[in-house]
Protein chains: 2
Amino acid sequence: MVRTIDQEARRREIVDAVWRILERGGLEDASVRKVAAEAGLATGSVRHFFGTQAELHAFALRSLSERVGERVRRAAAEPDVRTRVVAMLTELMPLRDDTTRELRIWLEFVHRSRFDENLAAIVAEQAAEVRRFLTHVVTGLGELGHLCPTADHDEVAAGLNAFVDGLTFELLTAPALLTRERAFALLESFVFGHHMRNAAE
Amino acid sequence: MVRTIDQEARRREIVDAVWRILERGGLEDASVRKVAAEAGLATGSVRHFFGTQAELHAFALRSLSERVGERVRRAAAEPDVRTRVVAMLTELMPLRDDTTRELRIWLEFVHRSRFDENLAAIVAEQAAEVRRFLTHVVTGLGELGHLCPTADHDEVAAGLNAFVDGLTFELLTAPALLTRERAFALLESFVFGHHMRNAAE
DNA sequence: GTCAATCTAGCACACCTGTGCTGGTTTGCC
DNA sequence: GGCAAACCAGCACAGGTGTGCTAGATTGAC
């Protein structure tokens, strides 16, 4: 056998090229030829590692979610509860340059997934994971006393999810409406204010 | 001069075809040929009314926003304040089949606008208009006594905007996470609950 | 060195795209 | 009727696309 370790490195290089293109021009620009050029390869080389374009895109998406997952897990190590909640939510939103880059790319896939069953399955799984994660966060908030005791945690998590998604979406698509600082302030106010009561209250 | 009235009808027919295609397959599918086929015309006919594809897309977007605007204005006629606020917000969200259709199409343009300066200008103007509209709604809420007197209306409007956008985005891209009924409940809870205090509070 | 697995490179095909252009057809005014 | 403007239809060109395929280069085990 020859070179089993470099294979993964090459795949990562190619995925990096995909990400750069997605950030710059969106998924439509991520043709096999352009990806190859961006990675400094020939189209045949790319197709040796990814038999089809769909495979390449799916792999790029999965790699992205792995990366985000790692980051969130790292933020989860923070000992102080309140700091931890904010840190973890922050990782999911475009509040820094690095996360902005990731979420810009992520938005490309989410959008495409509306008309692509393959991507849709992956995206749906990711969304469900985020929701579970937010439910966890809400439980933590309950222990912190930031929640009305009668609040329905699922309901509160759904609301938090919508708020986070809305801030993210606006930061990505309408930067004139929202600065990072303001988004962060709104997030803190939403989480630690008296906003998390039950809808049935 | 021949036929000055049918011209607008034709344009509308073509735009209708564009919308149908956008809903079904996204903006990428809205090629001149496919639009023509959908409208039952030859490509040359479409190009007689819209010199270029970009022009066609821009026109389809503007037509959409006009349509939504009319609907919102109609909802603004409701006399009861509380009912009116809900009705107006409802028009901006995919809570019915007709508005869902419009917002699906709208999302296509918003997404494309990230890499298309022409569309970006139109979309940004629309977003600003929605924000002004929401600020208006918030003022109405203040008069209703649903707002903390010290609340910063701009801040509250920004939060409401994010929440509405988040619910909309999730309904369009992650229907497994959110039903229309739940979204409506969350909206009402957000607007009429104790959620609208000032961030600096 | 030998050799086979792995990787790279790129040509070729069929298809779709926007748009320039050139004819034909319909329409309503005079 | 005649005529010009408005409209319709579609060909043609120069690109770009995914992917099948073949041929060469590189690599590491033996």
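Source: prediction; values computed, not measured. Numbers restart at 1 for each chain; the letters A, B, ... are given by sequence-line order, proteins then strands. Below, all heavy atoms of this structure are taken into account, side chains as well, without hydrogens, waters or symmetry copies.
- Distances shown here put a side-chain N or O of Arg47(A) below 4.0 Å from the OP1 or OP2 atom of dG20(D).
- Following rounding to the nearest Å, Glu28(A) (CD) and dG18(D) (P) show an atom-to-atom distance of 12 Å.
- In this structure, the nucleotide among dT19(D), dT6(C), dC8(D) sitting nearest to the side chain of His48(A) is dT6(C).
- Note on the helix from dG1(C)-dC30(D) to dC30(C)-dG1(D): angle between the axes of the first and last five pairs equals 0°, rounded to 10 degrees.
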Taking only nitrogen or oxygen atoms into account, show me every contact under 3.5 Å that the protein makes with nucleotides 13-16 of chain D, one pair per line with its distance.
none

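- Side-chain contact between Phe133(B) and Leu92(B) is present, with at least one heavy-atom pair separated by less than 4.5 Å.
- Checking side-chain atoms of Glu91(B) against main-chain N and O of Arg73(B) turns up no donor-acceptor pair under 3.5 Å.
- Glu28(A) is linked by a salt bridge (charged side-chain N to carboxylate O under 4.0 Å, His left out) to Arg112(B), counting only residues two or more places apart in sequence or in another chain.
- Within 6.0 Å of CZ in Arg12(A) there are 12 or fewer heavy atoms belonging to other residues, nucleotides or ligands.
- In this structure, the side chains of Phe50(B) and Val35(B) stay at 4.5 Å or more apart for every pair of heavy atoms.
- Using a cut-off of 4.0 Å between Lys/Arg side-chain N and Asp/Glu carboxylate O, Arg24(B) and Glu38(B) are scored as salt-bridged.
- In this structure, CZ of Phe50(A) is placed 13 Å from P of dT19(D), rounded to the nearest angstrom.
- Evaluation of the side chain to side chain donor-acceptor pair (under 3.5 Å) rule for Glu108(B) yields His111(A), Arg114(A) as partners, not counting sequence neighbours.
- Of the candidates dA9(D), dT8(C), dG18(C), dA9(D) carries the atom nearest the Ser45(B) side chain, counting heavy atoms from C-beta on.
- The CG atom of Asp29(B) sits 12 Å away from the P atom of dC16(C) (whole-angstrom rounding).
- Within the 4.0 Å cut-off from OP1 or OP2 of dT6(C), not a single side-chain nitrogen or oxygen of Arg10(A) is found.
- You'll find that the side chain of Gln53(A) is closest to dT19(D), out of dT19(C), dT19(D), dT8(C).
- Taking atom CD1 of Ile21(A) as the reference point, atom C1' of dT17(D) lies 14 Å away to the nearest angstrom.
- Of the residues in residues 36-43 of chain A, Leu41(A), Ala42(A), Thr43(A) come within less than 4.0 Å of DNA chain C through at least one heavy atom, sorted by number.
- Around NE2 of His136(B), the count of heavy atoms belonging to other residues, nucleotides or ligands within 6.0 Å does not exceed 12.
- Although no hydrogens or angles enter the test, the distance criterion places no donor-acceptor pair under 3.5 Å between the side chain of Ser189(B) and the main chain of Ala185(B).
- Distance Asp116(A) CG to dG18(D) C1': 15 Å, rounded to the nearest Å.
- Enclosure of atom CZ in Arg71(B) by more than 12 non-hydrogen atoms of other residues, nucleotides or ligands within 6.0 angstrom is indicated.
- Considering only heavy atoms from C-beta on, Trp19(A) stays 4.5 Å or farther from Glu23(A) through its side chain.
- In this structure, the CG atom of Asn118(B) is 16 Å from the P atom of dG18(C), given to the nearest Å.
- Not counting sequence neighbours, Arg74(A) has no partner by the salt bridge (charged side-chain N to carboxylate O under 4.0 Å, His left out) test.
- Atom-to-atom, CG of Leu27(B) to C1' of dG18(C) comes out at 15 Å; the value is rounded to the nearest Å.
- One interatomic measurement links the two molecules: CD1 of Ile14(B) to P of dC7(D), which rounds to 11 Å at whole-angstrom precision.
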